[in-house]
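Below: one structure in structure tokens.
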Amino acid sequence: MPVIGFLGATSPDAANADYLRVFRQALKESGYVEGENVAIEYRWAETQLDRLPALAAELVSRRVAVVVSVEGPPVVFAAKTATTTIPIVFVISDDPVRLGLVASLARPGGNLTGINFVSNELVAKRLELLRELVPGAARVAVLVNPANTANTETTLRDVEPAARAVGFQIQVLNADTSREIDAAFATIVRDRPDALFSASSPYFTSRRIQLVQLAARHAIPATYPGRQYVEVGGLMSYGANIADAWRQLGVYTARILKGIKPADLPVVQASKFELVINHQTARMLGLTVPDKLLVAADEVIE
């Protein structure tokens, strides 16, 4: 029975549990059922990124048939460092060519391929949507995770010109721990920006309840990179359909199990994006959601 090595940065929490179901379903539809004709060895770093190299090496020592890496570049790089021969399938929001993971999207070369859902490149669109929802906003706090270097660099590169284009002044705040998130919100309470822009980060996703509750407590309109935040009470998100990316991850994993080499599988760029609005949260914040946004939204949570 072939074994899939599964490497993640956080934990199999509620959001990841849903995505894992999508991943397993895609495997099943491709002919592989966990526990019947394929096994999956899971390794989760529980947001302690320094554990990733050892976890990746552990999977390689098990001689897995393929390594699946999710939740950010540090996970993929840990897998890449651990093996140059075992196929690696990733799902990341950063440009894999720019990161040096693949030679090109069409011809990855080497032992890596996967799905790229370009979360970071949607910064301008998210700010435009925030402008429409909070038309009176002038100053926006931008929360980034400095430990997630690639995501943070891309966000900071894109957010300044995008903010200027819609008339926002920005204030960058850093957070890499739960305590630092609390400290960032203490700064928000002191400086009273008009809105919050939360950058893409697996760690932030794992702390989404804390982020959303603090935003609600301090009545700060916030935009997030994925629907997971809005489902627990966040105001608005715009980003790639992550479930669809994990479905494609399952499809590619199955193709590699059937003998196709990663070098022959072009990197898939996510083409499904979704706008999700929590109408109840908007009302609590005293915001009127424009009809234009309600019509454009893929889902409005009442």
Side-chain angles (χ1 to χ4, degrees), residues 2 4-9 19 22-32 38 52 56 59-60 64-126 148-155 157-158 162 200-202 225-226 238-274:
I4 297 169
F6 196 101
L7 186 63
Y19 297 147
V22 172
F23 173 74
R24 294 190 196 103
Q25 182 61 30
L27 282 175
K28 183 178 180 181
E29 291 170 0
S30 300
Y32 293 97
V38 70
L52 286 168
L59 289 174
V60 169
V64 296
V66 56
V67 176
V68 173
S69 58
V70 299
E71 301 186 303
V75 188
V76 190
F77 279 114
K80 185 176 185 289
T81 301
T83 178
T84 57
T85 55
I86 297 174
I88 298 168
V89 188
F90 56 75
V91 55
I92 55 173
S93 62
D94 302 270
D95 180 353
V97 178
R98 185 178 63 82
L99 292 176
L101 294 172
V102 296
S104 72
L105 298 180
R107 298 179 180 277
N111 63 319
L112 289 89
T113 190
I115 292 81
N116 176 214
F117 58 84
V118 295
S119 169
N120 289 322
E121 295 172 23
L122 305 176
V123 166
K125 179 66 174 177
R126 288 178 57 201
N148 203 327
T149 311
N151 278 5
T152 298
E153 286 177 354
T154 305
T155 299
R157 181 194 69 205
D158 295 345
S200 174
S201 163
Y238 182 76
N241 185 319
I242 308 301
D244 186 64
W246 282 58
R247 180 192 63 78
Q248 294 179 71
L249 185 70
V251 170
Y252 259 30
T253 302
R255 293 183 72 181
I256 285 174
L257 289 175
K258 291 175 180 176
I260 299 178
K261 295 178 180 178
D264 297 326
L265 290 173
V267 174
V268 176
Q269 286 201 290
S271 56
K272 292 185 179 181
F273 303 93
E274 55 185 1

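Values reported hereafter were calculated over all heavy atoms of this structure, with side chains retained and with hydrogens, waters and symmetry mates removed.
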| Under the side-chain hydrogen bond (donor to acceptor under 3.5 Å, both in side chains) rule, what pairs show up with a residue in residues 99-115, not counting sequence neighbours? | none
| message | On a heavy-atom basis, which atom in Asp95 and which in Val97 lie closest, and how many Å separate them? | response | OD1-N, 2.9 Å
| task | Output yes when a side-chain donor or acceptor of Asn116 lies under 3.5 Å from a complementary backbone atom of Ala270, and no otherwise. | result | no
Side-chain donor-acceptor pairs under 3.5 Å in residues 242-249, sequence neighbours left out?
from   : atom 1 : to     : atom 2 : distance (Å)
Asp244 : OD1    : Arg247 : NE     : 3.1
Asp244 : OD1    : Arg247 : NH2    : 3.2
Asp244 : OD2    : Gln248 : NE2    : 2.9

| said: If the test is side-chain contact (heavy atoms from CB on, under 4.5 Å), which one of Val70, Ile115, Val76, Val75 qualifies with Ile92? | reply: Val76
| note | Sequence neighbours excluded, the answer for side-chain contact (heavy atoms from CB on, under 4.5 Å) partners of Val60 is Ala82, Thr83, Ile86
| Which residues share a side chain to side chain donor-acceptor pair (under 3.5 Å) with Ser201, sequence neighbours left out | Asn145
| message | Test of understanding: with side chain to side chain donor-acceptor pair (under 3.5 Å), list the residues that count as partners of Glu153, not counting sequence neighbours. | response | none
| remark: Sorted by chain and residue number, the ring-ring contact (aromatic ring centres under 6.0 Å, His included) partners of Phe23 (sequence neighbours excluded) come out as Phe6
| request: Apply the side-chain contact (heavy atoms from CB on, under 4.5 Å) test between Phe117 and each candidate in Val268, Val91, Asn241; give the one that qualifies. | output: Val91
| request: Measure the OG-CG distance between Ser93 and Asn151 for me, rounded to the nearest 0.5 Å. | output: 4.0 Å
| message | Just to verify, what does Thr84 make a side chain to side chain donor-acceptor pair (under 3.5 Å) with, not counting sequence neighbours? | response | none
Per-pair distances, 0.1 Å, donor-acceptor, side chain in residues 257-267, under 3.5 Å, sequence neighbours excluded:
from   : atom 1 : to    : atom 2 : distance (Å)
Lys258 : NZ     : Ser30 : O      : 2.8

| task | List in chain and number order the residues that pass side-chain contact (heavy atoms from CB on, under 4.5 Å) with Gln25, two or more places apart in sequence or in another chain; answer none if no residue qualifies. | result | Lys28, Glu29
